[in-house]
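Just passing along the structure, written as structure tokens.
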Amino acid sequence: MINLDHLNDQQRAAVTAPLGQVLVLAGPGSGKTRVLTQRIAYLIEGMGVRPHNILAVTFTNKAAREMQHRLQSLLGDDGEGVWLGTFHANCARILRREAQYLSFDNNFVIMDSDDQQALVKRAIRELNLDEKLYRPTSIHAAISTAKNNLITPADFPTQSYRDEITKRIYERYQSLLRDSNAVDFDDLLLETVRLLVDNPHVRERYARRFEHILVDEFQDTNLVQYELLKLLASIHGNLFVVGDEDQSIYRWRGADYRNMLRFEQDFPACQKILLEQNYRSTQTVLDAARAVIDRNKHRTRKHLFSERGAGERLVLYEAVDEHAEAAFVVDTIQQWVNSGKARGSDFAVMYRTNAQSRLLEEAFLRAGLPYRLVGALRFYGRREVKDLICFLRLVHNPDDEVSLARVINVPPRGVGEKTMVALQLAARQAGLSAGQLLIELGEKGEQSAHWGRFSGRSILPLADFGSQLAGWRRAVAEGLSLPGLFDRILLDTAYQEYIDDGSNEGKERWDNVQELRRLAYEFREGGLTAFLENLALVSDQDTLPEEAGNAATLLTLHAAKGLEFRFVFIIGLDEGLLPHARSKDDPEEMAEERRLLYVGITRAKDRVYLVRAHQRSQYGGPEIQEPSRFLEDLPESLIQRQGQRRHREVWESPESRALRSRVLSPNHRPASAALIEPRFHPTDRVRHPVWGEGIVMESRIQDGDETVDVFFESVGFKRLVASLANLEILPKG
DNA sequence: GAATTCCACGTTTTT
DNA sequence: CGTGGAATTC
Ligand SMILES: Nc1ncnc2c1ncn2[C@@H]1O[C@H](COP(=O)(O)OP(=O)(O)OP(=O)(O)O)[C@@H](O)[C@H]1O
């Protein structure tokens, strides 16, 4: 039987709530996720619910993994079988099983963002539209928004000519996807909803199966997801959702925190449970967070208190530029670690945009401090990695036109635009996909009825590639393992010779290939399908090695949601970055930026460092930065400034700065070596060269130095600056 | 058809 | 600044 002792009354009420709908509405650190996890354990151990009758949904893979861990430690193997994952992963799982009802078959591929972009572009070209006028990025965004709101091409509202065009592109894009036997991320949700709506018996099967559905971070559901939940819960109606409107940060993805209100309206019988105690942060951290979020309109204020004590003020550090910003972070962490008071893994550095991680990484590397970078799909963005993934995708699903277009000429085998057009034309005439036609050419050679459709010059490389592809597919059908396939592709295409030209970059490219092979090896059991699905859905990974478990974490504010750390650095607190420039015109977006900062601050258990830079090189030239408007909302009483003040700044020309940093690197340290905590503490006995012995009354960090109040036996009370006063600490006793 | 050079471009956040 | 795409040359 599970143990409910380490829950407070409200939490326990939530965990053991009777059947029906439950809405847990509570601020950060109040144990929402803990309650949700305990609820699952309670259902299984206490109520005898079988794991596979439980569906638990999270928004990010990280959150899913985290919950998996917590469940594992709570239940051990008894938790096996729970459908736990992101909306997208759970939907993909359903779609693969039910492919017979769908417009694609069960070896469909999931197109990643790049692929989607490429397909939109292709759709635009095929319709002979001007890419300048109809930017693939913005059209894609429009399509995605539509999908998130359950709008199919047929329903797409056409109020303007532009809408008309967008609708046409949307239609074409969908048919390109289906021709490739592919779906995009949004389709995973949309098609699942459609599946359940159009096929009542399928809906019934799943709705019957999922006796209990639990959703974390419910404030970030969008319309499709909400619909999906209602469909899946349509028989048992046991919906357990937890959330906090103030932490809604996915508006741009269609999320609508008002789903929390909608939930109450749609399920009037729902039980609403509030949690009020924060177990994570000190009161000071909570006060600061509240000061930030209180400025948002239309929010239901929540009581939240902490018994962890007042704690320390938030540190605000204003660096000269982004290099000094990164150096401050690294220095401070290093000092804490050296002092023995913290481990590297106690720290997280959070930022608004992934681009900000670059300088941090460099600084960490220079200092020899281990770090873990979350997200930033750099590895998968690499050309060589993408190429190989496309080969694999093609083996898995030869209809995948995007992958084919990408690798048909890799390494260069003489297939250019002309040949490609000819291939597509011939394929259309033959009623096959380009990939199928290639395979046929490869298998039958000159016997193929389609051989004659090509010129003598183009047919050879095509047939050559076709026979490779056919060979790979045959090998897989005959049981070749995933790593085996991987090696065979490398061998057949002479890939190493192609990318590894002996240069450093070549070496690095080959290393990346090896890394991908290592990943493939981990999927030797699951096989190609599982591997590809994982690449598409879980590529936010901590696949990169975790350094000895002692690494600081670098991540975006979005990725930080749901996590907690003793020490949190939030960098880039400048106008334009946080809040981001693109949000400044829309009050709703601005409110979301504020929530983002709120989320960041509330990740901290003990200490928060807010960091900004007076000057940043955006692209090219340096630009003066204004402090983030959010900083103004933090009362001085909660803030401790560290380092130089703005009025002390001396303007420095870019040239001289560049020179200086060249001279000082790689061990460049900011002048304001970060002082992290007082050397002196109340009751310490100290000796001053002039005034003799005294007792420390108080000490605090101010402007990067320490101010100490001492009561001397000879002269009484004195306020001293530690770095100047030459005070000596005397042993106690 | 491939390789190289040049130029304009744009930049949030995640599945 | 670095990328992606187009124009240019081989
Ligand atoms: N009753 C409790 N006693 C002790 N610690 C608790 C209790 N409830 C929660 N905690 C701890 O408080 C911290 C925050 O819990 P949790 O992550 O579940 O909160 P949350 O509400 O999901 O937070 P957020 O919304 O910020 O993600 C965790 O470290 C958790 O272990």
Side-chain angles (χ1 to χ4, degrees), chain A residues 57-64 85-92 110-118 121 125 131-132 135-138 141 144 147-148 183-190 217 220-222 224-225 248-255 322 350-359 374-378 380-383 408-421 457-458 461 533-541 555-561 572 576-584 586 589-590 592-593 595-597 599-600 616-623:
Chain A
V57 196
T58 62
F59 278 83
T60 64
N61 296 297
K62 248 179 315 306
T86 61
F87 269 106
H88 293 84
N90 283 315
C91 285
I110 300 164
M111 295 273 172
D112 68 25
S113 313
D114 281 353
D115 305 328
Q116 292 171 33
Q117 200 76 16
K121 194 174 278 184
R125 284 191 187 156
E131 276 171 69
K132 295 265 143 49
R135 288 234 171 63
T137 343
S138 79
S144 179
K147 288 185 173 184
N148 282 323
V183 298
D184 65 15
F185 291 125
D186 304 316
D187 280 341
L188 290 171
L189 308 176
L190 189 58
E217 311 280 11
D220 276 323
T221 44
N222 62 30
V224 194
Q225 291 161 341
S248 170
I249 53 176
Y250 286 102
R251 205 183 96 90
W252 48 276
R253 215 169 79 178
E322 68 270 38
M350 305 175 185
Y351 35 81
R352 179 66 231 271
T353 69
N354 281 306
Q356 291 171 268
S357 67
R358 263 235 160 80
L359 285 172
V374 175
L377 356 107
R378 247 175 265 165
Y380 297 97
R382 294 240 156 76
R383 203 186 65 227
I408 193 167
N409 202 32
V410 174
R413 48 166 66 84
V415 181
E417 200 187 340
K418 291 254 170 57
T419 310
M420 206 52 203
V421 170
R457 178 128 167 256
S458 60
E533 182 153 319
N534 196 264
L535 289 179
L537 252 30
V538 196
S539 59
D540 90 333
Q541 92 298 128
L555 75 185
T556 62
L557 287 161
H558 284 90
K561 192 166 66 157
L577 220 41
L578 184 62
H580 197 273
R582 288 184 66 129
S583 302
K584 73 170 188 300
D586 180 345
E589 302 255 299
M590 188 52 79
E592 181 148 312
E593 298 284 322
R595 292 195 291 268
L596 214 36
L597 176 58
V599 167
R616 285 175 199 280
S617 314
Q618 304 278 59
Y619 339 77
E623 277 173 30

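Throughout, a chain's letter reflects where its sequence line sits, starting with A, and its residues are numbered from 1.
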side-chain N/O A:T556 vs B:dT14 OP1/OP2, d < 4.0 Å: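 Looking at the OP1 and OP2 atoms of B:dT14, one of them is under 4.0 Å from a side-chain N or O of A:T556.
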
Taking CD from A:Q618 and P from C:dG2, how many angstroms apart are they, rounded to a whole number?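 Result: 15 Å.
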
What integer distance in Å separates A:K121:NZ from B:dC9:C1'?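 In whole Å, B:dC9 C1' and A:K121 NZ are 11 Å from each other.
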
Base, sugar-phosphate, or nothing: which does A:R135 touch, judged by heavy atoms less than 4.0 Å apart?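 Contact class for A:R135: sugar-phosphate only.
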
To the nearest Å, give me how far apart NE2 (A:H558) and C1' (B:dT15) are. 13 Å

If you only use heavy atoms from C-beta on, which nucleotide in B:dG1, B:dT13, B:dT15 is closest to the side chain of A:N354? B:dT13

Just verifying a value: how many Å separate A:L535 CG and A:L537 CG, rounded to the nearest 0.5 Å? 10.0 Å

Using whole Å, report how far NZ of A:K62 lies from P of B:dT14.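 One finds 8 Å between P of B:dT14 and NZ of A:K62, rounded.
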
Can you tell me how far P of C:dG5 sits from CZ of A:R125, to the nearest Å?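 Nearest whole value for this atom pair: 8 Å.
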
Atom-pair distance (CG on A:D114; P on C:dT3), nearest Å: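 Rounded to the whole Å, the gap is 14 Å.
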
Using a 3.5 Å distance criterion without hydrogens, assess whether the side chain of A:D586 forms a donor-acceptor pair with backbone atoms of A:S583.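 Between the backbone of A:S583 and the side chain of A:D586 there is no qualifying donor-acceptor contact (under 3.5 Å).
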
Can you tell me the distance, in whole Å, between the CD atom of A:E592 and the P atom of B:dT13?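 Whole-Å distance recorded here is 13 Å.
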
Indicate, with a heavy-atom threshold strictly under 4.0 Å, whether A:T419 touches base, sugar-phosphate, or nothing. sugar-phosphate

Pick base, sugar-phosphate or nothing for A:D112, based on heavy-atom distances below 4.0 Å to the nucleic acid.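 Here A:D112 touches no strand at all.
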
So, is A:N148 near the phosphate of B:dT15, with a side-chain N or O under 4.0 Å from OP1 or OP2?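 So the side-chain polar atoms of A:N148 never come under 4.0 Å of the phosphate oxygens OP1 or OP2 of B:dT15.
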
Looking only at the side chain of A:P412 (C-beta and beyond, no hydrogens), which of the listed nucleotides B:dT14, B:dA3, B:dT15 gets closest?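 So the nucleotide nearest the side chain must be B:dA3.
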
Does the side chain of A:N222 get closer than 4.0 angstrom to OP1 or OP2 of B:dT15 through an N or O atom? no

Whichever of A:E593 and A:G414 has its nearest DNA chain B nucleotide further upstream toward 5': A:G414

Rounded distance in Å - NZ (A:K561) to C1' (B:dT15): 13 Å

Of A:G416 and A:F87, whose nearest nucleotide on DNA chain B comes first from the 5' end?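 Nearest nucleotide further toward 5': that of A:G416.
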
Any stacking of A:Y250 on B:dT13, going by centres under 5.5 angstrom and planes within less than 30 degrees? no

Looking only at side-chain N and O atoms, does A:Q116 offer a donor or acceptor that is under 3.5 Å from a partner on A:S113?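 No donor-acceptor contact under 3.5 Å links the two side chains.
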
Which word best sums up how the rings of A:Y250 and A:F59 line up, parallel for under 30°, tilted for 30 to 60°, or perpendicular for over 60°? parallel

For B:dT14, take OP1 and OP2 only and decide whether either is under 4.0 Å from a side-chain N or O of A:N61.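 No, because none of the side-chain N or O atoms of A:N61 sits under 4.0 Å from OP1 or OP2 of B:dT14.
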
pair A:R413-A:N409: side-chain heavy atoms closer than 4.5 Å: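 A side-chain contact exists here, since the closest heavy-atom pair is under 4.5 Å.
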
